[in-house]
Amino acid sequence: MPYFDAASSAPLHPVARQALLAALDEGWSDPARLYREGRRARLLLDAAREAAAEAVGCRPDELTFTSSGTRAVHSGISGALAGRRRVGRHLVVSAVEHSSVLHSAAAHEAQGGTFAEVPVDRAGAVSAAAYGEALREDTALACLQSANHEVGTEQPVAEVAEACRAAGVPLLVDAAQSLGWGPVPGGWSLLTASAHKWGGPSGVGLLAVRKGVRFAPQGAADERESGRAAGFENIPAVVAAAASLRAVRAEAAVESVRLRALVDRIRATVASVVPDVEVVGDPVRRLPHLVTFSCLYVDGETLLHELDREGFSVSSGSSCTSSTLTPSHVLKAMGVLSEGNVRVSLPAGTTQEDVDRFLGVLPGVVAGVRERLGAPASPAPSPTTTASLVVDALGRRCPIPVIELAKVIGEVPVGGTVTVLSDDEAARLDIPAWCEMREQEYVGEEPADRGSAYVVRRLS
């Protein structure tokens, strides 16, 4: 069964498995003790730190192992903000950061701080100039991902780092998705990553803090990991994480070329064989293994279930899933279609046969879901003299509001309007996205007794 969700968690790398099993026998003791078993454990921990630091591009004494990538983010942000409290309490993040960064920003705000979100373009990238403009005299910390978790777009880290350096603001880079593919461009002050993203074991995160960065660890003091990560080190997992990072880096040059070609094939083929689909994210400046697309008139949860029945494990940022009733904050910030969203992220070793079979199955799966939802399958009917129509989609979740809009847009003349009443948060994103795809005019959103009224003018 092809597993196409490596961006969530990559399969355990064979090197990680071997290192983990070996370290279970050798690294079980307390590395802080001076007897033989403790010294052996300390040697393993120090060797793992040196290997991971080399891959990150920092000194070993700048690197801390944490219990997860999320914990690394939370500790990195809170520690940097506390260390620079005298400068101010302003935090700058991009609008498409991982939820762990946004949760830290919300917690900072709840404690009396402030934060600003830098917008992105339709490809999901920030502008270095816009990022620089968001920096203030009281900005204590800036955060930027190296590459986006949902759409794969790479961010201009080096340019943003230069803007931060000029402003005297440290930059924390979330490198969870990209570290396995290569080093992050220089200029960053703090860096975080998560081992299970590159094929290491779960439960291991990395936090690098450059020398000279003011940093005050928060929480109860602990003598381990320089006081930055409390608790007994999971040495076998740390050893496996470092060993697998070195291994995937050695394979990255060849594997990235091969997977990029497979993703290019998916990007081109999906757009040609599936009607009414939007492939999102930067087509060039992106991770080599990841592609995301959204399908009009499709329930995201049903689409993922149907693909699973066909043997493909994929994920989604769509609001039409059981886990959330609001659109992905990433897709929302980009202003692209969220309904029927599919993220395909290929693990190392994915074959062309697997990709071809996925592309062969996808059109029929999408068509079947659309048929069950009553999506329009033929051209819109001829216009009538009705100048405007109102569609009541209250209480109905995506993609129903957009489907109902598509069914009736042809019933108004060119210049006429359709007003969609909806209380589904996704409509705020998907109706404008539908208008752009269908070359109709999105007039705007108006208040209504329940939900909102979304007005669309027919242009063709």
Side-chain angles (χ1 to χ4, degrees), residues 6-13 15-16 19 45 48-80 93-94 97-101 103-104 143-150 152 154-155 157 161 170-210 213 215 225-226 228-229 233-234 237-252 256 287-290 345 347-348:
S8 290
S9 189
L12 192 66
H13 193 282
V15 167
L45 182 59
R49 197 183 312 277
E50 289 180 7
E54 181 182 4
V56 169
C58 67
R59 293 167 37 163
D61 60 352
E62 295 174 328
L63 185 73
T64 298
F65 292 110
T66 67
S67 59
S68 68
T70 294
R71 173 50 57 191
V73 167
H74 291 172
S75 298
I77 292 177
S78 64
V93 303
S94 85
E97 292 300 311
H98 187 267
S99 59
S100 60
V101 173
H103 290 159
S104 287
C143 300
L144 181 66
Q145 59 196 199
S146 55
N148 186 259
H149 297 251
E150 290 192 30
E154 294 178 337
Q155 301 291 355
V157 172
L171 176 66
L172 183 150
V173 174
D174 169 17
Q177 287 294 344
S178 72
L179 192 61
W181 298 106
V184 175
W188 50 267
S189 300
L190 302 96
L191 181 143
T192 63
S194 187
H196 73 101
K197 301 292 187 180
W198 66 68
S202 59
V204 179
L206 304 182
L207 169 61
V209 182
R210 297 282 196 197
V213 175
F215 192 87
E225 292 299 303
S226 302
R228 294 176 181 171
E233 298 94 341
N234 185 345
V238 164
V239 169
S244 57
L245 180 55
R246 175 178 285 181
V248 298
R249 278 288 191 83
E251 301 162 356
S256 64
L287 294 170
H289 68 308
L290 194 156
S345 47

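All residue numbers in this chain count up from 1 along the given sequence. None of these values were measured; they are calculated from a predicted model.
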Non-neighbouring partners of E154 that pass salt bridge (Lys or Arg N to Asp or Glu O under 4.0 Å), sequence neighbours left out: none
Salt bridge (Lys or Arg N to Asp or Glu O under 4.0 Å) partners for R49, two or more places apart: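 Testing R49 for salt bridge (Lys or Arg N to Asp or Glu O under 4.0 Å), a comparison that skips the adjacent residues, returns E225.
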W181 ring center near H289 ring center (under 6.0 Å): yes
Test side-chain contact (heavy atoms from CB on, under 4.5 Å) applied to E233 and L45, step by step: CA-CA 9 Å; E233 298 94 341; L45 182 59; 4.0 Å; yes
To check you understand the geometry: which heavy-atom pair defines the closest contact between [X] and [Y], and what is its length?
| X | Y | result |
| --- | --- | --- |
| S68 | R71 | OG-N, 2.9 Å |
| A195 | A241 | CB-CB, 3.6 Å |
| P201 | A237 | CG-O, 3.4 Å |
| Q177 | L287 | CB-CD1, 3.8 Å |
| V213 | V209 | CB-CG1, 4.1 Å |
| L63 | A52 | CD2-CB, 3.5 Å |

Any residue meeting ring pair (Phe, Tyr, Trp, His ring centres under 6.0 Å) with H149, in chain and number order, not counting sequence neighbours: H98
From [X] [atom1] over to [Y] [atom2], what is the distance, rounded to the nearest 0.5 angstrom?
| X | Y | atom1 | atom2 | answer |
| --- | --- | --- | --- | --- |
| C58 | W188 | SG | CH2 | 5.0 Å |
| E62 | R210 | CD | CZ | 5.5 Å |
| L207 | H74 | CG | NE2 | 12.5 Å |

Mind checking whether [X] and [Y] have side chains closer than 4.5 Å, heavy atoms only?
| X | Y | result |
| --- | --- | --- |
| H196 | L12 | no |
| L179 | K197 | no |
| V56 | L206 | yes |
| D174 | S146 | no |

Heavy-atom donor-acceptor pair, S345 side chain to A7 backbone, under 3.5 Å: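 Here the side-chain-to-backbone pair exists.
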Under 3.5 Å donor-acceptor, R59 side chain and A53 backbone: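 Such a contact is absent between R59 side chain and A53 backbone.
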Side chain to side chain contact (heavy atoms under 4.5 Å, CB included) partner of C143, the single match among L172, T192, L171, V73: L172
Residues F215, L190; criterion side-chain contact (heavy atoms from CB on, under 4.5 Å); working and verdict: CA-CA 10 Å; F215 192 87; L190 302 96; 3.8 Å; yes
H103 side chain to E97 side chain, donor-acceptor N/O pair below 3.5 angstrom: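 Side-chain D/A pair, H103 to E97: absent.
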S100-T70 side chain donor-acceptor pair, cut-off 3.5 Å: no
CZ (R246) with more than 12 external heavy atoms under 6.0 Å: no
